[in-house]
Amino acid sequence: MFSWMKSKDSDVPQVYGNVVEGLKQVYREKLYPLEEHYKFHDFHSPALDDPDFDAKPMVLLVGQYSTGKTTFIKYLLEREFPGIRIGPEPTTDRFIAVMHSESEGVIPGNALVMDPKKQFRPLSKFGNAFLNRFQCSQLPSPVLESLTFVDTPGILSGEKQRTARGYDFAGVLEWFAERVDRIILLFDAHKLDISDEFRRGIEALRGNDDKIRIVLNKSDMIDHQQLMRVYGALMWSLGKVINTPEVARVYIGSFWDQPLQYDINRRLFEAEEHDLFADLQSLPRNAALRKLNDLIKRARLAKVHAYIISHLRGQMPSMFGKDSKKKELIDNLHKTYEQIQREQQISIGDFPQIERMQEQLKQMDFTKFHNLKPKLIEKVDHMLTVDMQQLMKMVPQEEEVCKIEPSVKGGAFAGAEQSPFGAGYGEGAGEGIGDEDWVVQKDKAEYDQIFFTLSPVNGKITGANAKRHMVLSKLPNTVLGRIWKLSDVDRDGNLDSDEFALAKHLIKIKLDGHEVPTELPSHLVPPSKRGFYDS
């Protein structure tokens with residue numbers, strides 16, 4: 001009754017306060033009913049609660065023992081956190097969520113999963129064996145106001161990896177991987193072997209490849225020639241484990257506060273650290289987009305799951321031979337996948353792993369499954385095509401607000417940005433910043449000699465004469481055009497000796513491997529032009 005009124009109302013766009021509130025609403029109203037009806041939570045992932053949407057971006061650190069996971073967190077925070085243990089042996093024997101609080105303290109796992117304000121409640125399904133190895137370390141830190149770090153037990157190698165941990169280690173990693181914003185795999189430059197347990201851990205991260213970043217830590221322990229060989233060996237090892245067509249991004253460095261053993265690669269380490277810090281600083285800015293993307297992935301999986309479960313239910317006999325039919329359906333699950341893919345036009349990449357699905361189905365009673373309810377599917381389709389599109393339009397607005405100031409402050413981030421020791425400080429276009437003398441002056445005599453060979457008239461050379469010399473640098477015209485615009489400070493279409501010297505300096509910067517600035521820094525403005533520039 002009144003179905004015509006409902007369909008009309010459904011086309012009216014829903015108004016959301018912000019992206020996160022919108023995601024909460026569409027999940028509760030449209031996706032959760034489908035998940036609940038087809039037992040999605042028993043197969044794939046527990047139901048989402050408000051803390052899952054409200055949580056700060058999380059960074060998960062994974063690696064074999066003694067690769068520097070805990071030290072990496074300490075390096076970023078520039079202080080120790082409660083419960084920290086660092087050593088060459090496997091010291092971290094538990095999962096530690098490092099979070100912000102006004103006071104220091106440790107919350108044990110059993111108490112942590114009972115806290116309704118935190119996102120860890122579903123972890124209770126892994127039992128006491130895991131919860132006894134899980135804790136939250138709280139401390140006041142400006143870095144933790146924007147990010148949460150999750151330290152993991154060192155993954156074992158050799159005979160030790162055969163000792164059972166007492167809980168589903170890969171399952172816990174998979175749970176975190178679905179919810180974190182960034183996964184950092186750490187490798188020791190002296191320990192590149194990937195043990196069986198590490199392989200299983202990496203396989204548990206499958207499906208979250210876009211979140212993975214790789215850090216080759218302790219790279220200062222080897223010289224540049226050995227580093228090249230180690231890097232190649234690492235990429236070869238990863239190629240056998242991470243099955244993606246793209247090459248994973250590897251950051252090379254030494255993330256601790258001790259002197260470098262070999263400082264020949266210092267500039268490389270500084271540049272890599274700068275890139276990694278920039279990636280981590282982008283997480284709060286992109287948090288809403290990541291949550292939206294993860295919910296879309298979840299909705300697509302939930303739809304496929306509903307088709308699979310309803311199809312299996314429809315194939316079951318009403319009276320006799322249920323057990324044999326169940327076994328037949330499980331054995332031929334690949335045929336079910338093919339039929340659903342063909343009938344519903346769904347990509348095979350949206351289907352769950354067939355081996356894992358078969359194992360889970362063995363424990364289920366197919367007679368308790370439900371037949372397909374088109375209305376539930378229609379709600380999820382409306383969510384994907386209408387609601388998500390509307391929320392996507394809100395993402396850039398929220399990102400612009402976050403760009404006003406750095407999203408991650410304090411700790412190593414502050415030390416890198418707000419001091420002369422930041423990556424690239426005093427190099428390239430930054431050379432001479434803070435000096436009393438114009439940095440170009442040291443080469444001015446050489447540049448003047450070239451200037452007077454270019455037929456200056458009234459102390460200036462034309463653009464055509466300047467071009468004949470500037471193209472000798474072999475730089476592309478687009479780069480030379482940008483250099484010309486920066487050098488022609490008074491915008492008269494000609495260059496005097498100071499402006500020509502500036503152009504030569506900018507060319508030298510580019511040829512030395514640095515970037516030409518988009519705007520002319522104040523310390524590069526020729527002294528003769530500073531009055532004009534200020535005006």
Side-chain angles (χ1 to χ4, degrees), residues 59-81 84-92 95-96 98 143 147 149-157 173 180 182-195 197-199 201-202 205 211-239 241-242 247-281 411-413 415-416 423:
V59 180
L60 177 70
L61 291 99
V62 181
Q64 297 186 148
Y65 71 91
S66 192
T67 53
K69 298 184 298 297
T70 307
T71 305
F72 182 85
I73 298 175
K74 177 187 173 186
Y75 179 74
L76 294 182
L77 303 182
E78 291 191 338
R79 60 163 297 177
E80 296 186 347
F81 54 85
I84 187 172
R85 290 179 62 207
I86 297 175
E89 74 281 6
T91 49
T92 303
F95 283 79
I96 304 176
V98 186
V143 176
L147 296 174
F149 294 93
V150 180
D151 195 8
T152 61
I155 294 177
L156 305 176
S157 60
L173 280 182
V180 300
R182 189 66 75 234
I183 302 167
I184 297 181
L185 293 180
L186 283 100
F187 288 86
D188 186 331
H190 287 97
K191 193 162 47 183
L192 297 180
D193 60 307
I194 298 178
S195 66
E197 187 177 36
F198 197 10
R199 181 186 295 271
I202 294 176
L205 308 177
K211 301 179 183 180
I212 295 177
R213 302 292 184 271
I214 295 162
V215 171
L216 180 57
N217 201 14
K218 305 184 183 181
S219 298
D220 65 315
M221 300 292 186
I222 53 180
D223 62 31
H224 62 288
Q225 184 180 18
Q226 292 173 323
L227 182 58
M228 289 175 59
R229 293 174 179 168
V230 166
Y231 180 83
L234 175 61
M235 299 305 292
W236 180 81
S237 298
L238 289 172
V241 181
I242 302 178
V247 177
R249 176 65 164 98
V250 179
Y251 297 91
I252 302 171
S254 183
F255 297 93
W256 67 336
D257 56 5
Q258 299 300 310
L260 299 176
Q261 298 295 316
Y262 288 91
D263 65 349
I264 190 171
N265 294 313
R266 185 185 191 98
R267 286 186 61 180
L268 170 65
F269 297 159
E270 289 175 353
E272 293 287 283
E273 181 180 284
H274 178 268
D275 289 350
L276 179 57
F277 281 11
D279 184 68
L280 294 176
Q281 285 182 307
F413 297 96

Would you indicate whether the side-chain heavy atoms of [Y] and [X] approach each other to under 4.5 Å?
X: V59; Y: I184; value: yes
X: L227; Y: N265; value: yes
X: V150; Y: I96; value: no
X: V230; Y: I222; value: yes
X: M235; Y: V250; value: yes
X: V143; Y: F149; value: yes
X: I155; Y: Y65; value: no
X: L173; Y: T152; value: yes

Strictly distance-based, threshold 3.5 Å: is any side-chain N or O of [X] a donor or acceptor partner for the main-chain N or O of [Y]?
X: K69; Y: Q64; answer: yes
X: S237; Y: A233; answer: yes
X: K74; Y: F81; answer: no

Measure across L216 and A189 and return the closest heavy-atom pair with its distance rounded to 0.1 Å.
CD1-CA, 3.9 Å

R267, CZ: over 12 other non-hydrogen atoms inside 6.0 angstrom
no

From [X] [atom1] over to [Y] [atom2], what is the distance, rounded to the nearest 0.5 angstrom?
X: D279; Y: H274; atom1: CG; atom2: NE2; value: 12.0 Å
X: S219; Y: Y231; atom1: OG; atom2: OH; value: 11.0 Å
X: R213; Y: L276; atom1: CZ; atom2: CG; value: 9.0 Å
X: L61; Y: D151; atom1: CG; atom2: CG; value: 6.5 Å
X: Q258; Y: T71; atom1: CD; atom2: OG1; value: 9.5 Å

Give the C-alpha distance, both sets of side-chain angles, the deciding distance and a yes or no for side-chain contact (heavy atoms from CB on, under 4.5 Å) between L186 and N217.
CA-CA 7 Å; L186 283 100; N217 201 14; 4.0 Å; yes

Among residues two or more places apart or on two chains, list those pairs meeting salt bridge (Lys or Arg N to Asp or Glu O under 4.0 Å) that have a residue in residues 215-230.
D188-K218

Just by distance, with hydrogens left out, do E273 and Y75 show a side-chain donor and acceptor under 3.5 Å apart?
yes

Contacts of F72 that satisfy ring pair (Phe, Tyr, Trp, His ring centres under 6.0 Å) - sequence neighbours left out
F255

Would Y251 and F269 count as a close aromatic pair, with their ring centres under 6.0 Å?
no

Across all chains, not counting sequence neighbours, the salt bridge (Lys or Arg N to Asp or Glu O under 4.0 Å) partners of R249 are E272, D275

Taking it one step at a time, do L76 and L147 satisfy side-chain contact (heavy atoms from CB on, under 4.5 Å)?
CA-CA 11 Å; L76 294 182; L147 296 174; over 6 Å; no

The test is side-chain contact (heavy atoms from CB on, under 4.5 Å); show your working for V215 and L185 and say whether it passes.
CA-CA 6 Å; V215 171; L185 293 180; over 6 Å; no

